[in-house]
Amino acid sequence: KKRITTFFIFIFLIILIFAVRLFYLQIIQGEKWQLIAEGNRIRVEKETPPRGIIFDSNGKTLVNNIPNFILSFIPADISDKEEGKKDILNFVKEEFPELDINNFEQTMNSENDFPYEPIEIIDNIIYEQAMNLRLKLKDYPALKLTYVSNREYIEESYGLAHTLGYLGKINEQEWDSVDKSNYLLIDFIGRSGLEKEYEDALRGKVGLKEIEVDVLGRVKKVISEQPSQSGDNLTLSIDSELNKIFSDILCSSANSFEK
């Protein structure tokens, strides 16, 4: 009798374990498995934050942001079928006849270590063209139009170019060293001067958007969204007007010596 009781307890525990597991899979993770069954995926898109502005000691803007649109593609969303790839190539060629389409095709067919990071096709797209392009991209989910700020240096006549520095597109070596959660492969990064020295402060924090996409990469719905945080502004102790006077004096003196 004791053995029979133990046996039934054992059977009960097994049934209980299966019941708990079934509840977890169907109720707790039911939506997740439903998405997988439908071929849908959850992914996180990053949005580049506006970079901090640089001012002189009197509040005069020395470095500002100007709009820049970049067309890129997501490697994971490129169709394996040659017909799908051909459609993308023809579309890009029609929209940007000046682009080296053979180079783009080679890039599109290359292996990529970061399949969900955008890969640049062309940048410096003007606003009007970007807005027209955005409407057409609904038919090409693998292509993305991203807004990234370019820098406008208003210090050219003030002799501060070396001090302020400049930005450049992230290269492979820089990508390996940055916090990938706060950068995109198509981003710019400080290369010299104050732009490099204060990169972390000027950079800001990327925005994050958790989305559900289907097997073609088309957005089905936005699950959650965290807006980007602008970079910190930087105010220098330099008086740009005074610096310009000194620069003009030095240039005049140098020209006098040459004569």
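These values consider heavy atoms only, across backbone and side chains, with no hydrogens, waters or symmetry-generated copies. Keep in mind that this is a model prediction, so the values were computed, not measured.
Residues passing the side-chain contact (heavy atoms from CB on, under 4.5 Å) test with T48 are V148, L184, D187, R203, sequence neighbours excluded. Remark: D200 pairs with no residue by the side-chain hydrogen bond (donor to acceptor under 3.5 Å, both in side chains) rule, at least two apart or across chains. Checked against side-chain contact (heavy atoms from CB on, under 4.5 Å), I66 has the following partners two or more places apart in sequence or in another chain: N150, E152. Residues forming a side-chain contact (heavy atoms from CB on, under 4.5 Å) with D100 (at least two apart in sequence, or on another chain): N102, N103. Among residues two or more places apart in sequence or in another chain, the side-chain contact (heavy atoms from CB on, under 4.5 Å) test is passed with I14 by F10, F18.
Between Y183 and V206 the shortest side-chain heavy-atom distance does not fall below 4.5 Å. L137 has its side chain within reach of F91: a pair of non-hydrogen atoms, C-beta onward, lies under 4.5 Å apart. A heavy-atom distance below 4.5 Å is not found between the side chains of I42 and I211. For the pair I154 and K60, the minimum side-chain heavy-atom distance is 4.5 Å or more.
Once rounded to the nearest 0.5 Å, the distance linking CG of L194 with CD1 of I54 reads 5.5 Å. One finds the CD1 atom of I170 at 5.0 Å from the CD1 atom of I189 (value rounded to the nearest 0.5 Å). Taking CG from D56 and CG from L160, the interatomic distance works out to 8.5 Å, rounded to the nearest 0.5 Å.
Among residues at least two apart or in separate chains, side-chain hydrogen bond (donor to acceptor under 3.5 Å, both in side chains) pairs with a member in residues 125-145 are E95-K136. Every pair passing salt bridge (Lys or Arg N to Asp or Glu O under 4.0 Å) that includes a residue from residues 174-184 is listed here, sequence neighbours excluded: E174-R191. Applying the side-chain hydrogen bond (donor to acceptor under 3.5 Å, both in side chains) definition to pairs two or more places apart or across chains, those involving residues 114-123 are K46-E117, E120-K169, D123-K169. Listed by first and then second residue, the salt bridge (Lys or Arg N to Asp or Glu O under 4.0 Å) pairs that reach into residues 102-113 come to none, sequence neighbours excluded. Screening residues 84-94 for side-chain hydrogen bond (donor to acceptor under 3.5 Å, both in side chains) gives K85-N109 as the qualifying pairs, with residues at least two apart or on separate chains.
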Test side chain to side chain donor-acceptor pair (under 3.5 Å) on N64 and R151 and set out the steps.
-> CA-CA 6 Å; N64 205 353; R151 293 298 246 182; over 6 Å; no

Side chain to side chain contact (heavy atoms under 4.5 Å, CB included) between W175 and L185, worked out = CA-CA 7 Å; W175 179 250; L185 267 175; 3.5 Å; yes

Go through the steps for K220 and V213 under the test side chain to side chain contact (heavy atoms under 4.5 Å, CB included), then give the verdict.
-> CA-CA 5 Å; K220 304 295 288 184; V213 299; 5.6 Å; no

Do D214 and R218 pass the salt bridge (charged side-chain N to carboxylate O under 4.0 Å, His left out) test, and can you show the C-alpha distance, the side-chain angles, and the key distance before you say yes or no?
-> CA-CA 6 Å; D214 63 17; R218 293 176 299 202; 2.9 Å; yes

Take I119 and F114 through the test side chain to side chain contact (heavy atoms under 4.5 Å, CB included) and record every step on the way to the result.
-> CA-CA 9 Å; I119 305 298; F114 304 96; over 6 Å; no

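I125 and A130 get closest at one heavy-atom pair: CG2-N, 3.8 Å.
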Can you give the donor-acceptor pairs under 3.5 Å from side chains of residues 222-236 to other protein atoms, not counting sequence neighbours?
unit_1: S224; atom_1: OG; unit_2: E210; atom_2: OE1; d: 3.1
unit_1: N233; atom_1: OD1; unit_2: I53; atom_2: N; d: 2.8

Please tabulate, for the side chains in residues 69-79, all donor-acceptor contacts under 3.5 angstrom to protein atoms that are two or more places apart in sequence or on a different chain.
unit_1: D77; atom_1: OD1; unit_2: R43; atom_2: NH2; d: 2.9
unit_1: D77; atom_1: OD2; unit_2: R43; atom_2: NH1; d: 2.8
unit_1: S79; atom_1: OG; unit_2: K81; atom_2: N; d: 3.0

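When the shell of 6.0 Å around CZ of F55 is examined, it contains more than 12 heavy atoms from other residues, nucleotides or ligands.
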